[in-house]
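Here the structure is laid out as structure tokens; the discussion comes afterwards.
We count residues from 1, following the sequence as given.
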Amino acid sequence: MEIIIILIPIALILTGLAFWAFFWSVNSGQFDDLESPAHSILYDDDEDMIPDDAKVDPKSSRKSDE
């Protein structure tokens with residue numbers, strides 16, 4: 001029964017820390033943008049690895065307006 005005297009304050013302290021961490025993360029903007037990190041993997045970041053003769057100029061590949 002003496003262990004309850006130790007476990008209840010420890011549980012309250014851990015619960016208080018969890019609430020503090022949650023509200024700190026919400027107030028600091030951790031949950032503001034949930035979609036951009038998922039889409040950022042789709043962006044090409046290897047432009048410097050493409051050989052110069054294989055690069056396509058987006059201006060020259062457009063069809064002219066007729």
Show me the donor-acceptor pairs, under 3.5 Å and distance only, between side chains in residues 20-29 and residues at least two apart or in other chains.
residue, atom, partner, partner atom, Å
S25, OG, A21, O, 3.2
S25, OG, F22, O, 2.7
N27, ND2, F23, O, 3.2
S28, OG, W24, O, 3.0
S28, OG, S25, O, 3.3

Point to revise | Pairing residues for I8 by the side-chain contact (heavy atoms from CB on, under 4.5 Å) criterion, not counting sequence neighbours | key: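 side-chain contact (heavy atoms from CB on, under 4.5 Å) check on I8 returns I4, L12.
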
Review point. Atom CD1 in I10, atom CD1 in I5: separation rounded to 0.5 Å?
Key: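 Rounded to the nearest 0.5 Å, the CD1-CD1 separation comes out at 12.0 Å.
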
Practice item. Please check if atom CZ in F19 has more than 12 non-hydrogen atoms from other residues, nucleotides or ligands closer than 6.0 Å. Key: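 No, CZ of F19 has 12 or fewer neighbouring heavy atoms, counting only those of other groups under 6.0 Å.
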
